[in-house]
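In what follows, every heavy atom counts, from backbone to side chain, and hydrogens, waters and symmetry copies are set aside. Reminder, nothing fancy here: chain letters follow the sequence lines and each chain counts from 1. This is a predicted model, so every value here is computed, not measured.
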Number of protein chains: 2
Amino acid sequence: MSQELNERSRKILEAIIEDYIDSAEPVGSRAVTRRHQMGLSPATVRNVMADLEEMGYLLAPHTSAGRIPTEKGYRFYIDSLLRVRPLTLTERQRIEQHYHLKGRRIEDVLQEAGKVLSSISHYTGLVLAPRFTSTVFRQIEFVRLSEGRILVIFVSESGLVQNKVIETDERLAQSELEQMTNYLNLTLSGLTISEVKAKILEEMRQEKALYDRLLKKALEFSSETFGEEEGGQVYIEGAVNILEQPEFTDIERMKRLFRAFEQKSLLVELLDAAQKARGVQIFIGSESEYSEIEGCSLVTAAYTGRGGNVGTLGVIGPTRMPYNLVIPIVDYTARLVSKVLEVDS
Amino acid sequence: MSQELNERSRKILEAIIEDYIDSAEPVGSRAVTRRHQMGLSPATVRNVMADLEEMGYLLAPHTSAGRIPTEKGYRFYIDSLLRVRPLTLTERQRIEQHYHLKGRRIEDVLQEAGKVLSSISHYTGLVLAPRFTSTVFRQIEFVRLSEGRILVIFVSESGLVQNKVIETDERLAQSELEQMTNYLNLTLSGLTISEVKAKILEEMRQEKALYDRLLKKALEFSSETFGEEEGGQVYIEGAVNILEQPEFTDIERMKRLFRAFEQKSLLVELLDAAQKARGVQIFIGSESEYSEIEGCSLVTAAYTGRGGNVGTLGVIGPTRMPYNLVIPIVDYTARLVSKVLEVDS
DNA sequence: CGTTAGCACTCGACAATATGGAGTGCTAAC
DNA sequence: GTTAGCACTCCATATTGTCGAGTGCTAACG
């Protein structure tokens, strides 16, 4: 049964999937022969289609409708049939022009990337910001906010700024804070956050009977600052775009998806998983056990900073998606963002 | 024609509006007499309803349906009929419990406020963050990112952190940056941003033939930093909540609203306008000429910081909204946020 | 033996039609 | 001024019929 597909079946499967991507409607045998003249009669195509259905690549919504691809069908299409179309010059330019602005903060670059992805693909753009822990320490500042509340500002090598409020009983003058700042900046500069954590722990252990109150406090503070794992920040841009797709006339489905957007954690997980890989990756809806994004696909690519892959960006849309267009868009954007980040740091 | 409404008409109008808020369906004369026994027959109520329709408070979607309130009806209801129900103790506690966490950044407090607003009201929570310009300067820091790119970090009195990248041809050592920092922190501390701007301009003019290169550079930088008006940051929480409302089964309408959410500028405008007022304000949909939020209402209240009203928060939902519940929620949240911010600073 | 024409059949989409119920406005009586 | 009664309107819903697209099967064909 599950033998290889011969050339003809593959051609027909490809035709059906591409027609379906275009039209969002079940594709009949007739339509296949008409739009892609391949010297076959509808009847023959029907036979092949029946086989493809048997093998699980296609699915008929009801007896007398055409066929639509199953996820297995899409998967096969993506892995074996798809030929991506390289971007034209104007397309590349259209993407590029958004990155020429000077003096951009990283956050702005990432958000802009999301917007561009969404506006060019007509789906929803996703960008997972670099993990706090994967960045390199550059500078720390303490600002006394009020009695017992101190604002910690932390700048990474690449210019990401994080801040956090910590509380303390101790009364510290601004000048004392400055001393602490100097000490920490000297000690920690150039380390990754993971290394920073380790270093702090080590210092704290080593100097158990800490003679210097300020030093002790400084270590405590930074321990508190770097202790918690930040849940990755994710930019979701153009969420409404996706609603233009006919699959989202189903309101319930739409709500599920938007709940997932609002919660973010699911997307973070998916994007995080995709970060390890090289090149463009494609998740198909329920391959990922999350019912919220049923019927959707993610096309993602990691972008690089100083320390290899630091974040992920991509597009989410219906599984019925022109992958041959979206893939190069995502790919190119990832390269572009990588370039911008690398130049910056 | 447009004479005063007598007691009876007002009672009936109130009953209709409240029933409609409950049911989201046109209210008939029968229903009014049944649910609020007021010693009148349906026929009499019908007569009154006809009058109310004539006067523009009600509207019949079609010949043989009940009546629904017009915007004029809602407006009258809100201004003259509504009695808000004070929050119960448990409700207050339910709101409060989200603000007990220590060591919160302002951004977190505001976002949390939005979430609470949305989850308690079942609509969408909105919070307009304090305007950059309305905050008080506390501290500035420069961090050299790379050749010619400098990260400026600015902390307001209340602990808001903003950052920005500026570019320069000049090569500046970190030590020089520190000098600049000291100078600016000394000069500008305690001023509002508007005052900071003025001050910088003045200094620049006064010391036209600036002897000190660094000082000049410092002023230039801060001028660049504070020059641009930041578009107010707005938190939109629980946008999906609003979709549970029956008025948003209309997909087109929903899309319009979500586009407005995505764009934010419209909301910023509305919230900004509401910031001047004291107490709870209510905008009714098309009173505001923006078709995107047609059929929606905003219930807002300004919250205060050090300098009077610094931001606005509220709820957006369908005009058919239980104002008597939502108003105290918004009111109480605004007070709470104000308290948190004032304590902090 | 693979391919194709022909045909009966299935099913959804859509329009036309009927039915019921909720609610109204009007009129006449109280 | 209030109310019962009644004819009327209109929507919502279900029912039915029709049309077209598409299928699977079978038999014929090269």
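For B:Arg67 and C:dG25, the shortest distance from a side-chain N or O to OP1 or OP2 is below 4.0 Å. Residue B:Arg34 places none of its side-chain N or O atoms closer than 4.0 Å to OP1 or OP2 of C:dG23.
Out of D:dT3, C:dT24, C:dT10, the shortest distance to the side chain of A:Thr63 is found at C:dT10. When distances run from any side-chain atom of B:Asn47 to the nucleotides D:dC11, C:dT24, D:dT3, the shortest one goes to D:dT3. Considering only the side chain of A:Arg30, D:dG22 comes nearest among D:dG22, C:dA5, D:dT23. Residue A:Ala43 has its side chain nearest to C:dA5 when only C:dA5, D:dG24, C:dC11 are considered. Side-chain proximity of B:Met49 to C:dT24, C:dT10, C:dC7: nearest is C:dT24. Which of D:dT3, C:dT3, C:dC26 sits closest to the side chain of A:Thr44 comes down to C:dT3. In this structure, of D:dT3, D:dG22, C:dT3, it is D:dG22 that holds the atom nearest to the side chain of A:Ser64. In the set D:dC6, D:dT23, C:dT4, D:dC6 carries the atom at the smallest distance from any side-chain atom of B:Arg46.
Under the 4.5 Å side-chain criterion, counting only non-hydrogen atoms from C-beta, B:Asp22 is not in contact with B:Asp19. By the 4.5 Å heavy-atom criterion applied to side chains, A:Leu13 and A:Leu58 are counted as neighbours.
Distance CE (A:Met38) to C1' (C:dT4): 17 Å, rounded to an integer number of Å. Residue B:Asp19 contributes atom CG, which lies 16 Å from atom P of C:dA22 at whole-angstrom precision. Distance CD (A:Glu25) to P (D:dA21): 12 Å, rounded to an integer number of Å. In this structure, CD1 of A:Ile68 is placed 14 Å from P of C:dG12, rounded to the nearest angstrom. If you take CD1 of A:Ile12 and C1' of C:dG2, they are 13 Å apart, rounded to a whole angstrom.
In A:Arg92, the CZ atom is crowded: over 12 heavy atoms of neighbouring residues, nucleotides or ligands sit closer than 6.0 Å.
Under the 6.0 Å cut-off for aromatic ring centres, A:Phe261 and A:Phe258 qualify, their centroids lying closer than that.
For the pair B:Gly39 and B:Pro61, nearest-nucleotide mapping onto DNA chain D gives the more 5' position to B:Gly39. Taking the nucleotide of DNA chain D with the nearest heavy atom to each of B:His62 and A:Ala50, the more 5' of the two is matched to B:His62.
A:Glu292 and A:Arg259 are not joined by a salt bridge, as no carboxylate oxygen comes within less than 4.0 angstrom of a charged side-chain nitrogen.
Across all strands, A:Ala65 comes closer than 4.0 Å only to sugar-phosphate atoms, never to a base (heavy-atom distances).
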